[in-house]
**Student:** 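Let me begin by handing over the structure; questions about it come next.
In this chain, numbering begins with 1 at the start of the sequence shown.
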Amino acid sequence: MDIFGMSSLLLPGIFSAMTGADGLFCLLLGMAGGVVLLWLVGANMKYMEDDYYSYMKDTAGQIAGDVFMVFYFLYFVTLSGYALYELTTLTLGWLLPEGSFYAIAVLLILLAVYACLRGIEGRARVYEIIFWFLGVPLILMLVLAIPDVNSSYWTPIAASQGEQLFRGSTSVMIFLLPFNALLFLRPFCTKPEKLASCGQQALLVVTALNIFIYLILLGVFGQNSMGVLKRPVLTLMGMVNLPGGFFTRQDVLMTAVWFFALFALLNTGVFQGTLVLRELCHESKRNFSLYIVAALAFFMGKGLLEHRFLGEIYDIYLNCIALPGMYLILLALLLFYQIRTGRKAGKGAVSNVEE
């Protein structure tokens with residue numbers, strides 16, 4: 001749900017303006033980048049004896065470990081702020097047109113705080129129920145839209161330049177960065193060795209859904225029309241005719257799919273940001289870190305709504321700092337671990353020779 005909500009809302013518009021039908025290649029290349037990311041996550045998890053923060057400190061040193069944690073903190077806080085912005089604008093645009101941004105944003109933040117206080121297992125069970133309750137109608141709506149697809153809109157194919165494919169692929173990889181949250185979930189799992197494989201399954205499902213959605217959207221609207229729609233997948237939900245015509249505003253019901261998916265992403269950002277800040281501040285029982293993260297997320301969401309240039313800065317941050325940084329940190333930790341274990345093995349060999 002974390003990965004699907006934001007990617008399915010925004011990627012079709014990005015691809016339609018950038019690559020057209022070649023957005024399929026971008027999704028596949030982005031999935032390949034996600035496979036590499038999850039491999040790095042799994043490779044580092046094999047060497048963890050406790051939590052991720054302890055592993056970073058033991059491997060790269062106290063200072064480097066704290067710097068890496070600050071990097072993760074900034075990412076999760078900005079992620080939660082952006083998710084709040086998208087979730088609030090979705091609510092105002094499709095559910096409560098006359099609502100107040102402040103009222104909706106504050107309510108959503110309070111719900112995220114409450115969900116964090118209730119624990120990760122309770123959230124997971126609720127999301128599982130929501131997934132099956134809303135996932136089946138979503139697939140049904142997409143299947144009903146197939147007769148309206150014009151396959152001629154799927155051409156031309158393989159007509160994009162390398163730069164366009166690269167930018168589209170990096171856009172996909174940016175939406176996959178929340179998979180890094182798996183690194184911090186090890187203490188909550190009875191079988192942490194399965195975390196990376198669960199992430200791979202989620203990656204395959206999300207990629208398949210996004211390909212299915214993009215083919216339908218491209219076949220129904222065409223590249224030019226889809227480029228002017230703010231949320232093409234939600235527009236499609238309002239155009240599908242259910243058999244019998246007994247329900248005419250199914251777009252409102254289907255908006256709940258993305259509402260809960262975006263709320264799951266908001267909740268993940270707040271929860272992970274709180275975990276990181278608690279480790280950095282050595283907080284044990286109090287919830288000051290949670291309230292700080294929630295406040296920062298609210299002010300970032302407010303800033304994105306009121307100042308357009310902040311969205312451009314956030315986009316630059318994701319492309320130039322967050323995306324390469326996530327990969328480089330995991331690569332560096334693997335390298336440092338190999339160097340450290342090599343030194344220990346060398347010292348052990350020297351001591352054996354001396355004996």
Side-chain angles (χ1 to χ4, degrees), residues 1-31 34 86-87 90-91 93-95 127-155 157 168 171-172 175-176 200-265:
M1 292 186 70
D2 288 350
I3 307 298
F4 171 75
M6 195 76 77
S7 61
S8 59
L9 271 182
L10 301 183
L11 281 178
I14 295 173
F15 291 157
S16 64
M18 191 180 300
T19 62
D22 293 340
L24 300 179
F25 298 125
C26 295
L27 284 168
L28 293 175
L29 291 172
M31 183 186 72
E86 288 289 343
L87 181 54
L90 174 70
T91 304
W94 295 86
L95 299 177
Y127 292 155
E128 185 178 12
I129 295 172
I130 292 172
F131 175 81
W132 289 111
F133 181 74
L134 297 175
V136 174
L138 171 62
I139 298 298
L140 175 63
M141 298 289 285
L142 292 174
V143 170
L144 291 175
I146 291 178
D148 296 325
V149 171
N150 184 352
S151 58
S152 63
Y153 289 159
W154 294 347
T155 58
I157 196 168
S171 298
V172 177
F175 287 105
L176 300 179
Q200 293 170 359
Q201 294 174 21
L203 175 62
L204 292 175
V205 172
V206 168
T207 303
L209 282 174
N210 276 320
I211 289 175
F212 189 29
I213 289 173
Y214 189 67
L215 282 174
I216 293 176
L217 290 175
L218 190 63
V220 172
F221 297 114
Q223 180 179 353
N224 295 331
S225 298
M226 188 164 58
V228 300
L229 296 175
K230 190 173 183 180
R231 299 287 186 268
V233 67
L234 295 182
T235 303
L236 177 68
M237 294 294 103
M239 294 173 55
V240 177
N241 293 319
L242 293 176
F246 61 90
F247 192 54
T248 58
R249 287 305 310 273
Q250 66 271 11
D251 58 321
V252 177
L253 173 65
M254 297 312 300
T255 302
V257 175
W258 285 271
F259 179 88
F260 285 109
L262 290 178
F263 181 75
L265 183 60

**Student:** Could I get the full list of side-chain hydrogen bond (donor to acceptor under 3.5 Å, both in side chains) partners for E86, not counting sequence neighbours?
**Tutor:**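 Counting only residues at least two positions away or on another chain, E86 forms a side-chain hydrogen bond (donor to acceptor under 3.5 Å, both in side chains) with Y82, R231.
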**Student:** If you compare all heavy atoms of L203 against all heavy atoms of M31, which two are closest, and at what distance to 0.1 Å?
**Tutor:**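 Residues L203 and M31, closest heavy atoms: CD2-O, 3.6 Å.
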**Student:** What are the two closest heavy atoms between P232 and P12, and how far apart are they?
**Tutor:** CG-CB, 4.0 Å
**Student:** side-chain contact (heavy atoms from CB on, under 4.5 Å) with M237: which of L142, T255, V257?
**Tutor:**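 Exactly one candidate clears the test, L142.
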**Student:** Could you check if a side-chain atom of M1 sits within less than 4.5 angstrom of a side-chain atom of L265, using non-hydrogen atoms only?
**Tutor:** no
**Student:** With sequence neighbours excluded, tell me which residues meet ring-ring contact (aromatic ring centres under 6.0 Å, His included) with F175.
**Tutor:**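 By the ring-ring contact (aromatic ring centres under 6.0 Å, His included) rule, F175 matches no residue at all.
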**Student:** Nearest 0.5 Å, what's the CG-CG distance between L234 and L229?
**Tutor:**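 Reported value, rounded in 0.5 Å steps: 10.5 Å.
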**Student:** Using the side-chain hydrogen bond (donor to acceptor under 3.5 Å, both in side chains) criterion, which residues pair with S171? Sequence neighbours excluded.
**Tutor:** none
**Student:** Using side-chain hydrogen bond (donor to acceptor under 3.5 Å, both in side chains) as the criterion, list what pairs up with S152, not counting sequence neighbours.
**Tutor:** N150
**Student:** Filter on side chain to side chain donor-acceptor pair (under 3.5 Å), then keep only pairs touching residues 133-148, sequence neighbours left out; what's left?
**Tutor:** none
**Student:** I'd like to check L24 versus W154 (side-chain heavy atoms, cut-off strictly below 4.5 Å). Are they in contact?
**Tutor:**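 L24 vs W154: side chains apart.
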**Student:** CG/L176 to CG/D2 distance, rounded to the nearest 0.5 angstrom?
**Tutor:**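 That separation rounds to 11.5 Å.
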**Student:** Show the nearest heavy-atom pair for residues G168 and M18, with the distance to one decimal.
**Tutor:**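 Nearest heavy atoms, G168 then M18: N-SD, 3.4 Å.
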**Student:** For T19 and C26, which heavy atoms make the closest approach, and how far apart are they?
**Tutor:**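 Taking T19 first and C26 second, the nearest heavy atoms are CG2-SG, 3.9 Å.
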**Student:** Carefully, step by step, assess F4 and V205 under the rule side-chain contact (heavy atoms from CB on, under 4.5 Å).
**Tutor:** CA-CA 9 Å; F4 171 75; V205 172; over 6 Å; no
**Student:** List the steps, then state whether side-chain contact (heavy atoms from CB on, under 4.5 Å) holds for Y153 with M226.
**Tutor:** CA-CA 11 Å; Y153 289 159; M226 188 164 58; over 6 Å; no
**Student:** Rounded to the nearest 0.5 Å, what separates atom OG1 in T91 from atom CH2 in W258?
**Tutor:**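 Reported value, rounded in 0.5 Å steps: 14.0 Å.
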**Student:** Let me have the donor-acceptor pairs involving side chains of residues 208-224, under 3.5 Å, with sequence neighbours excluded, atom names and distances please.
**Tutor:**
{"unit_1": "N210", "atom_1": "ND2", "unit_2": "S7", "atom_2": "OG", "d": "3.2"}
{"unit_1": "N210", "atom_1": "ND2", "unit_2": "V206", "atom_2": "O", "d": "3.3"}
{"unit_1": "Y214", "atom_1": "OH", "unit_2": "G20", "atom_2": "O", "d": "2.5"}
{"unit_1": "Q223", "atom_1": "NE2", "unit_2": "S16", "atom_2": "O", "d": "2.9"}

